[in-house]
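Each remark here refers to the structure printed beneath this line.
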Amino acid sequence: MRRWPLMSLLVAVPLLAAGCVGKPADTNTGQNADAKEITLTISSNALEGGKNANIAKWTVDYVIPKFVEAQKAKGVTATVRFDGNGADDKDYKTKVALDLKTGGGADVQEIDGIWLGEFAQAGQAKPLADLVGQDKVDAWEGWSKIPSAVTALGDFEGKRYGVPVGTDGRVLYFNKKLFTRAGLPADWQPRSWDDVLAAGQKLKRSRRVPCRPRRPAAGTPPGPRPRRRTGPDRYR
């Protein structure tokens, strides 16, 4: 599963609308604004009935039909194709990078939010403002429905590149009885990773609290990274 899925418009992440990736950049934000027929491809590391099936189903059954319907109301005929994938995240990232490097890739690309900086620095992702103009980016009503901490997933170096598909959270919980035995407050409220580490060290030093550190065997992945996604339904 991906972390912080982000969608961006490419010419790259996210379901998100974000910058241009892989295709020659054009500073004319009004280009093709009067087109009556458009064809777009959305790419995601998701497959109906397979990996990240909920993302694939949401895109095919909700996003695309709603977009086509909205364009039809404006007198525009839109054809949108979903290019699903089910590869390992690392392999998918490599595929996207190669596609964009060779001038290919989808028009709307979903990538892991933690990859955004790499694609932006490589010139394979462009800020939304460069595509449609800052005024249109700021005027989008959807921002008001997404918490600022979540929209920040689509930002890099002060510029917004995409719209997060969703996010989730991870929490720490602790045993109050063990904390009390170690001399730590039962209402412990850490405000930094230093506070967390300090508490862990105190628990480790305490002879009244059984503590056995866990670490993965050398050379093996430590497991999944924290994910931040609530799922696409959040923004309906």
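Since the structure is predicted, the reported quantities are computational estimates derived from the model, not experimental observations.
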Review point. Under the 3.5 angstrom rule, does the side chain of D155 hit a backbone N or O of G158 as a donor-acceptor pair?
Key: no
| query | Could you walk me through whether D112 and K90 pass the salt bridge (Lys or Arg N to Asp or Glu O under 4.0 Å) check? | reply | CA-CA 10 Å; D112 192 323; K90 183 178 180 180; over 6 Å; no
List the steps, then state whether side-chain contact (heavy atoms from CB on, under 4.5 Å) holds for D83 with I42.
CA-CA 6 Å; D83 182 17; I42 298 176; over 6 Å; no
Output for pair (I38 CD1, T77 OG1), nearest 0.5 Å, gives 9.0 Å
message: I want to check something: taking the side chain as every heavy atom from C-beta on, are V76 and E37 in contact at a cut-off of under 4.5 Å?
response: no
K159 meets the side chain to side chain donor-acceptor pair (under 3.5 Å) criterion, sequence neighbours left out, with none
Using atom types as modelled, flag every donor-acceptor pair under 3.5 Å from a side chain in residues 182-192 to any protein atom, sequence neighbours excluded.
{"residue": "S192", "atom": "OG", "partner": "D194", "partner atom": "N", "Å": "3.4"}
{"residue": "S192", "atom": "OG", "partner": "D195", "partner atom": "N", "Å": "3.3"}

Report yes if the side chains of W140 and L128 come closer than 4.5 Å at any heavy-atom pair, otherwise no. no
When every non-hydrogen atom of V137 is compared with those of W143, the smallest separation belongs to O-NE1, 2.6 Å
Taken to the nearest 0.5 Å, the spacing of K74 NZ from E69 CD works out to 12.0 Å
On a heavy-atom basis, the closest approach of N52 and A46 is O-CB, 3.3 Å
Value for OG1 (T151) from CG (L153), rounded to nearest 0.5 Å, stands at 7.5 Å
CD of Q71 to CG of L40, rounded to nearest 0.5 Å, is 8.5 Å
Does L178 reach the side chain of F174, with side-chain heavy atoms less than 4.5 Å apart?
-> no
Heavy-atom closest pair (P65 atom, T59 atom, distance to 0.1 Å) is CD-O, 4.2 Å
Separation between OG1 (T41) and CD (Q109), nearest 0.5 Å, reads 10.0 Å
- Message: Please tell me whether I64 and L47 are part of a single hydrophobic cluster in this structure, the criterion being side-chain heavy atoms less than 4.5 Å apart.
- Response: no
Query raised in the report: Charged N to carboxylate O below 4.0 Å: is that the case for K57 and D61?
Result: yes
Rounded to the nearest 0.5 Å, the OG atom of S43 sits from the CG atom of D107 at a distance of 10.5 Å
Notebook entry, point to check: Do S206 side-chain atoms and K202 backbone N/O form a donor-acceptor pair below 3.5 Å?
Noted result: no
Heavy atoms of A56 and E48 approach each other most closely as CB-N, 3.4 Å
*Return yes if some donor-acceptor pair links the side-chain N/O of N45 with the main-chain N/O of A87 below 3.5 Å, else return no.*
yes
Are the side chains of L203 and F179 in contact, using a 4.5 Å heavy-atom criterion? yes
Correct closest heavy-atom pair for Q121 and F156 would be NE2-CZ, 3.6 Å
For K51 and D89 the tightest heavy-atom approach is NZ-OD1, 2.9 Å
Quiz item: Where does the angle between the aromatic ring planes of Y62 and W58 fall among parallel (under 30°), tilted (30 to 60°) and perpendicular (over 60°)?
Solution: parallel
